[in-house]
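So you know, we letter chains A, B, ... as the sequences are listed, proteins then strands, and number each from 1.
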Amino acid sequence: MPVIKLFNTMGRSIEEFTPLVPGKVGFYGCGPTVYNYAHIGNLRTYVFEDILVRSLRRFGLDVTHVMNITDVGHLSGDDDTGEDKMVRSARERGQSVLQIASYYTDAFFADTDRLGIARPSVVCKATEHVQDMIKLIQRIEKGGYTYVAGGNLYFDVSKFPNYGKLANLRLEDLKAGARIEVDENKKNPQDFVLWFTKSKFENQALLWDSPWGVGYPGWHVECSAMSMKYLGESFDIHAGGVDHIPVHHTNEIAQSEAATGKPWVRYWLHAEFLVLDKGKMSKSKGSFITLQNLIDEGFEALDYRYFCLGGHYRSQLSFSSDALAQAKASRHTMLDRFLDLKAQAGTNPLPNRNSLHAGALERLERFDNLLADDLAVPRALAELWGLLKDPSLPPIDVVVAALDMDTVLGIGLAQAKRDEKSISNDERAKIQALVERRTEAKKAKNWAEADALRQELKDMGVVLEDSPAGTTWKLAKA
RNA sequence: GGCGCCGUACCCAAGUGGUAAGGGAGAGGUCUGCAAAACCUUUAUGCAUCGGUUCAAUUCCGAUCGGCGCCUCCA
């Protein structure tokens with residue numbers, strides 16, 4: 001197992017990763033707020049987390065992956081003036097909040113399944129953990145970190161030393177209200193709500209009784225309460241999008257460590273944004289691209305996964321339909337090449353990893369080292385290309401090593417099959433007949449007829465390949 | 001106003017103080033009755049611009065220009 005190095009946002013440097021409990025990893029990844037579909041920018045982050053989890057497991061670590069489902073809405077601001085997103089979505093669609101949550105949760109996992117993202121070990125819903133949140137808030141309160149104002153319970157950031165350490169924030173430098181009205185109830189602009197009672201919810205399903213009155217929890221507290229419930233009061237890795245660094249994760253740290261008095265998360269990993277020409281994709285701005293949109297345009301979900309693999313997780317990735325088309329072409333060429341090698345390898349039993357050709361082992365070792373080097377996935381992908389193009393290796397060794405690499409990359413090599421398999425028997429017979437007619441024409445050196453038949457097949461989307469062994473056909477690339 | 005990131009060929013993109021991965025697209029060639037596939041060759045003396053440090057900078061430092069993110073909810 002190589003030495004695993006990861007970039008820790010806390011401290012902003014590459015650190016060697018060593019789990020709290022040898023051999024085991026507690027990993028918490030921020031999940032979706034289920035008031036709408038996930039867009040492909042959100043999905044990029046989950047692909048990154050999937051690569052992280054698969055890499056750690058590849059290195060022999062037993063990973064417990066916990067993901068929250070935020071089905072308690074967030075206000076558009078925490079001054080209680082905005083409308084809850086869940087409630088608004090429910091109203092707009094004429095459904096209950098719980099129906100909305102359930103629908104979009106299913107849609108979320110349908111997307112991650114299509115992307116080959118492994119399901120988390122634990123999926124926890126905020127609405128089912130409100131008592132855990134209340135207990136946590138009581139611990140925070142006991143420590144003297146809170147105050148009540150205007151009916152809400154606030155966390156007082158001035159009581160927490162090192163507030164903002166993750167984001168390098170200095171409170172005096174922040175321009176509160178630069179983009180939003182300041183909540184008059186707050187002592188400091190960075191204070192945040194632990195429990196709301198001044199609710200405008202129309203939906204009783206989202207109200208809970210609490211020591212501070214009937215209401216609902218603040219957003220940040222769910223991640224603290226649920227992560228500790230399933231992973232303990234200190235655990236290894238917490239990941240999410242970069243947008244969470246300054247507020248969400250900063251506040252999670254403050255409230256968690258205020259409650260327990262001990263270090264909470266050991267390694268913080270953050271994925272950069274997928275960006276469009278105009279900047280990032282935003283759920284709240286309304287227009288965004290979903291995985292289904294891409295599929296409707298003729299892409300496969302794994303084309304998008306492949307696209308994501310082309311850029312490092314800590315760099316912004318420029319999305320365009322052209323760039324995705326390039327990724328698709330690249331992936332399909334790769335699949336083709338892999339299938340050719342597999343055919344060449346024949347039906348011989350696959351060697352296991354230990355009996356592989358030294359050259360293939362060397363490439364696997366490089367591959368592992370690249371993953372261990374802060375998930376250098378683009379280079380790992382290049383290593384897979386190098387493997388597939390290496391003329392010095394027997395096809396069967398290439399096939400085995402490539403499948404091994406793909407257990408992390410998830411490009412779909414194992415499931416790859418020629419598109420021709422999807423052709424109906426009728427069509428197959430029709431194509432076969434035309435191919436035979438052309439073979440006859442060729443025998444008679446009737447080139448005009450042979451070429452006409454080639455053209456006819458081409459118009460049907462069928463490409464012919466002549467070889468000494470005869471003529472084979474396949475579907476033209478889309 | 002504060003914090004931070006980025007600017008690499010036609011496109012996506014990796015990377016390093018010692019001379020630019022990979023993929024897509026394009027061009028030429030081998031092969032072929034014609035094709036396809038495959039293979040070979042090829043496409044940045046150059047990494048936004050201008051200075052500086054250095055034996056050596058795309059890689060470090062500074063400035064400038066341009067783009068982006070965060071300081072509301074957001075992956």
Q) If the C1' atom of B:G66 is compared with that of B:C60, how far apart are they to the nearest Å? A) 22 Å
Q.
Given B:G23, B:C11, B:A75, identify the nucleotide with an atom nearest to the side chain of A:T45.
A. B:A75
**Q.** Sub-6.0 Å ring centroid separation between A:F235 and A:W264
**A.** yes
Q. Expressed in angstrom and rounded to an integer, what is the separation of A:Q455 atom CD from B:A36 atom C1'?
A. 13 Å
Q. Which salt bridge (Lys or Arg N to Asp or Glu O under 4.0 Å) pairs, counting each pair once, include a residue from residues 304-317 of chain A, with sequence neighbours left out?
A. A:D50-A:R305, A:R314-A:D374
Q | A:F307 ring center near A:F319 ring center (under 6.0 Å) | A | yes
Q) Once Watson-Crick and G-U wobble pairs under 3.5 Å are found, how is RNA chain B written in dot-bracket notation, 5' to 3', with | for any base paired to another strand? A) (((((((..(((.....[...)))((((((.......))))))....(((((..]....))))))))))))....
Q) Which nucleotide in the list B:C34, B:C73, B:A75 gets nearest to the side chain of A:L274? A) B:A75
Q.
Using only modelled atom types and a 3.5 angstrom limit, is any donor from either the side chain of A:D466 or the base of B:C34 paired with an acceptor on the other?
A. yes
Q) Over how many whole Å does the gap from A:W385 atom CH2 to B:C12 atom P extend? A) 19 Å
Q: Round to a whole Å and report the spacing from CG of A:L302 to P of B:G23.
A: 20 Å
Q | Aromatic-base stack, A:W447 on B:G33, cutoff 5.5 Å, angle under 30 | A | yes
Q) Do we see a donor-acceptor contact under 3.5 Å between the side chains of A:Y28 and A:D236? A) no
Q. Which word best sums up how the rings of A:Y103 and A:Y37 line up, parallel for under 30°, tilted for 30 to 60°, or perpendicular for over 60°?
A. perpendicular
Q) The side chain of A:A329 lies closest to which of these nucleotides: B:C12, B:G24, B:A75? A) B:G24
Q.
Under a 3.5 Å distance rule, please check whether A:R54 uses its side chain to pair with a backbone N or O of A:T407 as donor and acceptor.
A. yes
Q) Counting side-chain heavy atoms from CB outward, which of B:G69, B:C11, B:C71 is closest to A:D322? A) B:C11
